Amino acid sequence: MTRSIRVKNTEDIQKINKIVTQFPFDIWIHGKSGMVDAKSLLGMFLLSLNEPLKLVVEDDTDTKALFKALEDYLDIDDDD
């Protein structure tokens, strides 16, 4: 499952990382420059913030709580 995610600055990176580390499943962020583990703060800082980014989670994962916690950063018009 993928969702577009908006990451504007280092403060957003830190907030998103703090949120995703609360969940037991793998969460990735993909961009043109590569893929990083969203639970890795160092990896998150490698993202290019000038490109579209996608939050990626396994399809069989219950993501309701995750998406609710990240609602300030997700594009709500995305398809699941």
Side-chain angles (χ1 to χ4, degrees):
M1 175 179 311
T2 64
R3 277 282 180 83
S4 293
I5 187 165
R6 294 178 307 277
V7 183
K8 298 176 186 165
N9 53 45
T10 57
E11 185 176 320
D12 284 354
I13 288 173
Q14 292 172 340
K15 288 178 181 178
I16 291 168
N17 177 261
K18 186 174 182 179
I19 291 168
V20 300
T21 56
Q22 299 172 35
F23 294 87
F25 45 85
D26 291 337
I27 303 168
W28 300 91
I29 297 185
H30 289 223
K32 291 179 184 175
S33 59
M35 172 181 76
V36 299
D37 181 348
K39 295 180 182 182
S40 166
L41 189 56
L42 182 58
M44 293 277 290
F45 278 109
L46 296 174
L47 291 171
S48 175
L49 303 182
N50 298 328
E51 65 185 39
L53 299 172
K54 292 278 187 183
L55 184 80
V56 179
V57 181
E58 293 286 330
D59 284 338
D60 59 347
T61 304
D62 182 5
T63 56
K64 279 186 181 180
L66 172 66
F67 289 165
K68 176 69 175 158
L70 291 173
E71 68 186 351
D72 291 340
Y73 305 100
L74 297 176
D75 291 331
I76 57 172
D77 58 345
D78 268 356
D79 293 331
D80 287 340

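Residues: numbered from 1 along the sequence shown. Please read these numbers as outputs of a predicted model, since none were measured by experiment.
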- Is Y73 close to V7 at the side-chain level, that is, under 4.5 Å between some pair of heavy atoms? no
- Message: Taking L49 as the starting point, is it possible to reach V56 by hopping between hydrophobic residues whose side chains are less than 4.5 Å apart?
- Response: no
- Task: Report the residue from L74, V57, T61 that forms a side-chain contact (heavy atoms from CB on, under 4.5 Å) with L66.
- Result: V57
- Item | Minimal non-hydrogen separation, M44 against I13, with atom names | CB-CG2, 3.4 Å
Validation: residues 27-40 side-chain donor-acceptor distances under 3.5 Å, sequence neighbours left out:
| residue | atom | partner | partner atom | Å |
| --- | --- | --- | --- | --- |
| S33 | OG | E51 | OE2 | 3.2 |
| D37 | OD1 | K39 | N | 2.9 |
| K39 | NZ | F23 | O | 2.4 |
| K39 | NZ | F25 | O | 2.7 |
| S40 | OG | G43 | N | 2.9 |

- Query: Roughly how far, to the nearest 0.5 Å, is the CD1 atom of I19 from the NZ atom of K68?
  - Reply: 11.5 Å
- Query: Say you draw a straight line from CG of D72 to NZ of K15; how long is it, rounded to the nearest 0.5 Å?
  - Reply: 8.5 Å
- In Å, rounded to the nearest 0.5 Å, how long is the span from CG of L53 to CG of L47? 5.5 Å
- Query: To the nearest 0.5 Å, how far apart are CZ in R6 and CG in L55?
  - Reply: 12.0 Å
- Query: Between L41 and Q14, is any pair of side-chain heavy atoms under 4.5 Å apart?
  - Reply: yes
- Message: Please enumerate all residues that pass side chain to side chain contact (heavy atoms under 4.5 Å, CB included) together with D59, with sequence neighbours excluded.
- Response: M1
- Euclidean distance, N17 CG relative to L42 CG, rounded to 0.5 Å: 10.5 Å
